[in-house]
Protein chains: 2
Amino acid sequence: MALTILKGTILSVPALGRLEVTEHGYLAAEDGRITGVFPVLPERYAGAHVEDFGDALILQAPADMHLHAPQYPMRGMGMDLPLLDWLNTYAFPTEARFADPDYAREVYRRLAHDLIAGGTTRVCMFSSLHREATLILMEELERAGVTGYVGKVNMDRNGAHNLQETTEESMEETLRWLEACQDFRYVRPVVTPRFTPSCTDELMAFLGKLAEERDLPIQSHLSENTAEQAWVCRLHPDCAQYWETYAKYGLWNGRTVMAHCVWCDGRERQAMKDAGVTAVHCPDSNQNLCSGVAPVRVMLREGIRVALGTDTAGGDKVSMLDAASSAIRASKARRILDGWETDFLTAPEAWYLATSAGAAFFGEQPGFAPGNALHALALDDSKLLQPHPLTPEERLERCLYVRQPGAVRAVWSAGRRVFTAKDR
Amino acid sequence: MALTILKGTILSVPALGRLEVTEHGYLAAEDGRITGVFPVLPERYAGAHVEDFGDALILQAPADMHLHAPQYPMRGMGMDLPLLDWLNTYAFPTEARFADPDYAREVYRRLAHDLIAGGTTRVCMFSSLHREATLILMEELERAGVTGYVGKVNMDRNGAHNLQETTEESMEETLRWLEACQDFRYVRPVVTPRFTPSCTDELMAFLGKLAEERDLPIQSHLSENTAEQAWVCRLHPDCAQYWETYAKYGLWNGRTVMAHCVWCDGRERQAMKDAGVTAVHCPDSNQNLCSGVAPVRVMLREGIRVALGTDTAGGDKVSMLDAASSAIRASKARRILDGWETDFLTAPEAWYLATSAGAAFFGEQPGFAPGNALHALALDDSKLLQPHPLTPEERLERCLYVRQPGAVRAVWSAGRRVFTAKDR
C-alpha cells in the first residue's frame with residue numbers, strides 16, 4: 001500500500017463558505033485516496049514517512065471547469081471586441097492553427113505544465129475541432145498530471161473557412177476520437193458541441209444520442225451574451241430559450257456543464273436546477289468581453305450547482321487562485337449593479353467554487369473528504385510581508401490575491417505527486 | 001555630457017488613446033533628458049554607445065498616482081469589509097506599526113524595490129502620520145530610484161488610540177518633516193490631510209496655508225464611498241459637497257490630486273475641472289472595497305484630468321501594468337452599469353492614464369516628448385506563446401494582462417538606470 005502523509009496548515013472547504021482549519025495537521029492518503037485530516041498523527045501511521053511543509057498551507061487543488069486549450073497562445077489580446085467579433089477575429093484563426101500537430105504539441109505541453117505548476121489538477125476543457133490535436137492535448141495533460149474531461153469541439157456551421165467540419169466529418173471524427181480515448185486513464189472525453197450556433201440540428205441530435213449511448217458528460221456554452229442569445233432564438237424559433245436548444249437533443253442533464261450563464265433568467269435557471277446542470281462562472285472572461293456579470297449569488301441561493309473556470313482565453317489568467325479573487329471582485333460589481341441588494345462572495349465561498357464545487361462534477365465529496373482522490377497543493381507564503389500574525393483565514397484570503405514567486409511548492413493529482421518547485 | 005541611447009520597439013502615448021510606434025527605433029537622452037525617438041540613429045549620435053534590447057518593447061515608465069506605503073504588508077486582506085470598517089480593522093492598526101523605524105525600514109525597502117522592479121518610477125504616495133518613518137520611506141525610495149511626491153499623513157481626529165495626533169503635534173511634526181525633506185532630490189513632499197473626517201478644521205486651515213506659503217502640492221481622498229460622503233457632509237454642514245471641505249481651506253487647486261472620485265456628481269466634477277484638480281482612478285481598490293465604479297469615461301469626456309493609481313492596499317496589485325488592465329475591466333463594468341451607454345477604455349487609453357497622465361502632474365509633456373526626464377522600461381515578451389506575428393499594438397495590450405517571469409529587463413528613472421533584471 002502506498003501511503004502519503006503531508007504535514008502543514010491544512011485548509012479545506014467542506015461546504016459553501018465553511019473553512020475547516022487544521023493547523024500543523026496531517027493529511028493522509030492510502031493508495032491515492034484520502035483517509036482523513038488529523039490534528040495528531042493516528043497511531044496506525046506511527047513511524048510512517050511524513051512530508052513536513054512546515055508553516056505552508058496545504059490546500060485542495062482547484063478544478064478549472066471551463067477553458068479553451070487552443071486559445072492559450074492568445075491570452076490578453078483582442079479584449080476590445082465583444083464575444084462574436086472576438087471569436088471571428090481572434091479565437092477562430094488561432095484555433096485553426098491546431099491543424100498542425102507540431103504547433104499543438106508545443107502549446108499543449110506549455111499549457112499542461114502551467115496548469116500543474118499553478119496547482120490546477122482537474123479540468124473540463126475545450127480542445128479545437130481537430131482530432132489529432134485533441135489527442136495530443138490529452139497526452140500532454142495526462143503526462144503532466146492534469147486529470148478531468150477534454151472535448152474535441154464539434155462545429156459544422158458558422159465557423160471560419162479553415163475552422164469548420166461537414167456534419168459527416170464531425171460525426172466520423174468524433175467517433176474516431178472516442179475510439180482513441182480508450183488509451184487514457186486520467187483524462188476522459190466529454191461531448192462538446194461548441195455552442196448552438198456552431199452546430200446543425202442533425203449534429204446536435206447525433207451528439208445527444210452519443211452522450212446517452214456511451215454515458216458521456218456534456219459541455220457547452222449558455223447565455224454568455226445578449227447578442228448570442230438573440231441569435232440562438234433566431235436559429236431555433238421553436239425554442240423559447242437558449243437552454244431548450246440543448247434539452248431537445250438530449251444535451252441537458254446532471255452530467256452537463258454550461259459555461260457562463262450570465263443572462264439566464266429565472267425560467268432558464270429553474271431548468272438548470274431541475275436538470276442538475278452545473279453552471280461555470282468565468283468572471284474575468286465575462287468582464288473582458290463585456291458580456292456582463294453573472295448573478296452567482298442568486299444562482300447559489302436558488303440551489304443551482306455553480307463552479308468556477310478561467311475561460312482561457314476570454315479570461316487572461318491561468319491560475320484558479322486568481323479566478324477565485326476575480327469571482328469575488330465580480331460579485332462586488334454584481335452587488336453594485338443590483339443596487340447593493342445581493343451579497344458579494346467571501347474568500348471561503350469563492351475558494352469552494354474553485355475547488356469542491358468543481359470536484360463534485362467528478363463525483364467527489366466536498367473538502368478533503370475521506371475516499372476522495374488526493375488533489376492538493378502546498379503553498380508557501382513565508383516570504384510575504386505581514387502586518388500581524390495572520391490567522392489561517394487571512395492567509396487563505398491573501399493567497400487568492402497575492403503570492404510570492406514560487407509560492408506553489410508541490411502539487412498532488414489523483415494521489416500522485418506531479419509537481420515540485422525548484423528551490424530559488 | 002551623459003548620453004543614453006536605447007534601441008527597441010518604442011511605444012509611447014502622446015495623447016489619450018494614441019499609440020506612437022517606432023519599430024526597432026532609438027530613444028535618446030542627453031544628461032537624463034529625452035532628445036527624441038528616432039527611426040534611424042541621427043548623425044550626431046554616430047559612434048555613440050547604443051544599448052540594443054532587440055525585439056523588446058521600450059515603454060514609458062508608469063506613474064502610480066495613489067498608494068499607501070504603510071499598507072503594503074496587508075495587501076489582499078480584509079477585502080470583505082467596506083471602506084470605513086476596513087480602515088479601522090486593517091489599515092489603522094497596520095499603519096500604527098510604523099512608529100517603529102526598524103519595521104518601516106524593512107517594509108519600505110521591499111516596497112521601493114518592488115515598485116522599481118515593476119517599472120514604476122513616479123509616485124504620489126501616502127506615508128503614515130509618523131515623521132521618522134516618512135523620512136525612512138523617502139530615503140528608501142530615493143535610494144531605489146523612485147521619484148515623485150510623498151506625504152506625511154495628517155490626522156488629528158477619528159483615528160485609532162495609537163494612530164492619531166493632537167492638532168499641535170500634527171502641525172509641529174509636519175514642519176519638522178518639511179525641514180528634513182530638503183535632503184532629498186528626487187522625492188519631494190506633498191501636503192497630505194488623510195481625508196476630511198481625519199482632520200479638524202484648524203488642521204485643515206493650517207495645511208492649506210502651508211501649501212500656499214511653501215508652494216506645495218496637495219493629495220487627499222474624495223467621494224470614494226457613499227457612507228464617507230454622508231459623514232463628510234455631517235461634519236461640514238456648511239458645505240454642500242465633499243470637495244468644498246477642501247476648497248474652503250485652500251486645498252483645492254491645480255496642484256491637487258484627489259484619489260477615487262467614484263461618486264462625484266456633475267457639480268463636483270465641474271469644480272474639479274474648474275480648479276484643474278487631478279482625479280486618480282483606483283479600479284481594483286474601488287471594486288475590492290465595494291465602493292463603486294468611477295465614471296472615468298465621463299470625467300475624460302468632460303475634460304477632467306484623470307490619472308491612475310494602485311491604491312495599495314485597497315488595491316492588491318503593485319504593478320501599474322496590472323492597474324491599466326484593471327482600469328479597462330472596470331470601465332467595462334461601468335459600461336454594463338450604464339446600460340451600455342459609455343464606452344470602455346481601450347488599451348492605449350488605459351496606458352495613457354497609467355503613464356502620460358500621471359507624468360503631467362510632474363510637469364512633463366505626454367509621451368517620450370523631447371525635454372522630458374527619461375522614465376522608461378524595457379519589457380521582454382519573447383517567451384510568451386503567440387498565435388500569429390503580433391503587431392506592436394497587440395503586444396502593448398497583451399503586456400497589460402500577461403507577462404513572462406522577469407519581463408521587465410531594465411528601468412530608467414529621471415535619466416538614471418535604476419534596475420537591471422538578473423538573467424534567469
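Below, read A as the first sequence line, B as the second, and so on, with proteins coming before strands; counting in each chain starts at 1. Remember, predicted model here, so these are calculated numbers, not experimental data.
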Taking every heavy-atom pair that is under 4.5 Å apart, which of A:Gly292, A:Cys290, A:Pro73 has the most such pairs with chain B? A:Pro73
Against chain B, work out which of A:Thr94, A:Asn286, A:Asn288, A:Leu384 has the most heavy-atom pairs shorter than 4.5 Å and name it. A:Asn288
Spacing of [atom1] belonging to [X] relative to [atom2] belonging to [Y], to within rounding of 0.5 Å:
{"X": "B:Arg398", "Y": "A:Arg75", "atom1": "CZ", "atom2": "CZ", "value": "9.0 Å"}
{"X": "B:Tyr103", "Y": "A:Leu385", "atom1": "OH", "atom2": "CG", "value": "6.5 Å"}
{"X": "B:Thr391", "Y": "A:Met77", "atom1": "OG1", "atom2": "CE", "value": "9.0 Å"}

Which residues, numbered in order, of [range] come under 4.5 angstrom of chain A by heavy-atom distance?
{"range": "residues 310-319 of chain B", "answer": "B:Asp316, B:Lys317"}
{"range": "residues 325-333 of chain B", "answer": "B:Arg329, B:Ala330, B:Lys332, B:Ala333"}
{"range": "residues 335-347 of chain B", "answer": "B:Arg335, B:Ile336, B:Leu337, B:Trp340, B:Phe344"}
{"range": "residues 106-114 of chain B", "answer": "B:Glu106, B:Val107, B:Arg110"}

Hey, which of B:Gln386, B:Met79, B:Glu394, B:His388 has the most heavy atom pairs under 4.5 Å with chain A? B:Met79
Determine whether A:Glu95 and B:Pro387 make a side-chain contact, defined as any pair of heavy atoms from C-beta on separated by less than 4.5 Å. no
Answer with side chain, backbone, both or neither: which region of B:Leu400 has an atom nearer than 4.5 Å to a non-hydrogen atom of chain A?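 For B:Leu400, there is no contact with chain A at all, as no heavy atom is under 4.5 Å.
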